[in-house]
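Any value given below was found using the heavy atoms of this structure, including those in side chains, with hydrogens, waters and symmetry copies removed. Atoms within a ligand are numbered from 1 in the order they appear, just like the ligands themselves. Owing to the predicted nature of the structure, the values given are computational and were not obtained by experimental measurement.
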Amino acid sequence: MTEYSMLYPENTSTRMAISLDGMWKFAIDWNEEGDKECWRNGIPGNDTIPVPASFQDFYTDKETREFTGDVWYEDDVVIPSAMEGSRTFLRFSAATHRAVVYINGEKAGEHEGGFLPFLVDISEKARYGEHNRIVVKVNNELTETNIPCGRTIRLENGRKMSKPYFDFYNYSGLQRSVHLLSIPRSSIADIDLTYSIDGSNADITYSVRTEGNGSIRIILEDAEGAVAAEAEGKSGVLHVADAHLWNVRDAYLYRLRILLSDGGRLLDCYEMEIGIRTVEISGTDILINGKSVYLKGFGKHEDSDIVGRGFSIGVMKRDFELMKWIGANSFRTSHYPYDEEIYREADREGFLIIDEVPAVGLFESLVNFLDAGTGKGASSFFAKETTPALLKAHLKAVDEMIARDKNHPSVIAWSLLNEPESKDEHSVPYFTEVFAEARKEDPQRRPCTFAMEVSSGPDTCRCHHLCDFIELNRYYGWYIKGGYEISDAREAFRREMDRWKEKNLNKPFIFTEYGADTVASEHKLPSVMWSQEYQEEVLDMLHGIFDSYDFVKGEQIWNFADFQTTEGLMRVNGNKKGVFTRQRQPKAAAYLLKRRWESLPSDYKG
Ligand code: GCB
């Protein structure tokens with residue numbers, strides 16, 4: 001449970017949510033003097049920058065793009081007099097990776113963890129009906145005590161540099177929306193929902209957490225606005241006759257209205273859209289509303305030209321249109337929880353989400369994603385001095401992610417780590433705590449899992465017993481035996497899969513990564529690695545293997561689109577495993593996937 005309410009910022013009859021998105025003042029703290037020079041009272045210079053956005057890709061000099069340290073944002077906000085008397089908050093949908101928030105020169109709050117929201121209570125410090133100076137210090141340094149993991153080094157010229165242990169650019173800043181919130185003193189803080197379906201009827205069991213006084217009434221309205229069920233009390237059951245279920249690529253949303261009143265006086269009202277559906281693992285099946293589903297889709301990134309990892313509503317729309325066009329039904333929020341708007345859109349479009357916490361880079365290697373497969377590097381990432389602090393940050397992110405996302409019908413599972421060290425005995429207690437936390441926090445007890453890289457194999461991984469289904473990231477035909485050796489890649493892959501089969505885990509397997517880097521300009525007949533032809537050959541080879549094991553219940557290719565990474569020998573201005581280019585145009589493989597996914601039934605192998 002988080003210390004503050006994670007409810008999405010809605011305007012209702014009792015609440016105000018005012019967007020502070022737009023141009024903010026911006027300054028980079030080149031000389032690490034911002035604290036000493038009291039920038040909290042006002043930042044120097046007159047540069048301005050859009051919020052939300054990553055700061056990196058607007059500027060034309062490399063020093064700015066690669067800047068590691070503190071960047072400062074400032075906004076002048078008139079806080080309406082009408083907000084006085086209620087509780088007033090600043091809500092940051094994310095600040096990457098840590099932030100300190102000041103109002104009128106006074107510290108109001110701080111938060112660590114770059115991909116989840118936090119509230120800062122400014123009720124007492126705000127000047128109502130007047131101008132207020134909001135200053136935010138955002139720090140983007142990577143450490144081994146926070147997720148995602150990495151290091152910060154110092155170059156000989158004194159500049160700091162980020163060394164991510166992961167394969168995406170360390171974009172940062174205020175990358176998601178900021179809101180000014182006004183919430184009544186007695187208010188609705190949270191709600192838990194669980195579903196059970198019985199024939200054509202459904203029961204929604206609910207439990208509301210409130211602050212202050214009042215009693216609860218709860219009303220469920222169907223998509224036409226007709227009342228479908230009602231109940232009273234902080235916890236109870238809504239009986240829905242002839243329930244219209246939320247289904248894969250066939251969404252149906254009800255509106256839930258929660259009213260907090262005191263003797264007939266309305267104190268607070270909160271509204272949200274929900275979908276009635278169940279999620280369950282049974283043997284090797286993933287069941288949605290009791291029916292088997294085969295996952296088709298992507299590992300994605302929030303990544304696009306110019307705004308970097310900044311949320312772009314236009315890019316979001318395009319991505320969903322492309323996912324519909326290609327016949328996908330799901331995606332993983334690799335490697336961090338995405339902007340809340342993306343989950344709301346998935347709720348509306350009926351996409352299934354594997355929601356991933358930002359636990360990536362938990363492997364002793366500077367280039368984790370490349371060295372991992374070779375087994376290079378020490379094998380005790382979880383037996384370091386930093387481990388207790390890392391675990392604390394990890395558990396906090398799990399709590400915040402589940403608190404934020406638990407009521408989205410689209411979210412069907414929690415992915416609790418990406419490609420961690422899992423062969424070492426020290427992984428076991430660490431993973432056990434993370435899994436226990438997720439299971440404790442989620443009222444719907446969704447399946448929990450983690451994505452395994454190739455050295456976490458059938459005979460080496462010590463943690464897969466914790467998973468409700470298995471996520472495999474496999475690059476046979478690329479990192480393993482690429483090019484003309486692809487026939488050996490196939491044999492090696494088959495041997496691995498046969499070993500998994502022999503283990504008879506009786507759990508579904510999902511391929512959460514597979515693919516090949518492909519430069520959109522390259523065509524070659526016969527193929528070579530990096531050409532569009534080769535991407536198709538790899539996919540054909542891998543799909544053939546997926547199809548021959550009944551317990552494989554899904555394929556999410558890496559990656560939806562080309563994306564930015566740190567520069568280096570293995571990356572051509574970013575990772576090119578996209579099925580679409582970074583500008584969201586199809587490579588040849590997109591047509592291959594479209595043919596395949598449109599022809600596979602939704603309950604394939606069910
Ligand atoms: C992986 C990582 C992902 C990388 C990908 C790659 O295993 O999970 O973050 O981008 O491989 O392309 O190497």
Q. With a cut-off of 4.0 Å, which atoms of ligand 1 are near a heavy atom of F563?
A. 10 (O)
Q) Just which atoms of ligand 1 are under 4.0 Å from any heavy atom in N418? A) 8 (O)
Near-ring test [Y]/[X], centroid separation under 6.0 angstrom:
X    : Y    : value
F469 : F509 : no
F493 : F511 : yes
W558 : Y514 : no

Is there a donor-acceptor contact under 3.5 Å linking the side chains of [X] and [Y]?
X    : Y    : value
K423 : S455 : yes
T518 : Q532 : no
N140 : R98  : no

Q. Does K324 have any side-chain contact (heavy atoms from CB on, under 4.5 Å) partners at least two apart in sequence or in another chain, and if so, which?
A. R249, E321, E349, F351
Q) For atom 13 (O) of ligand 1, which of Y479, W478, Y475 has the closest heavy atom? A) Y479
Ligand 1-proximal atoms of [X], by part, heavy-atom distance under 4.0 Å:
X    : answer
N575 : side chain
H335 : side chain
F166 : neither
D517 : neither
R571 : side chain

**Q.** Sub-4.0 Å heavy-atom approach of E419 to ligand 1
**A.** yes
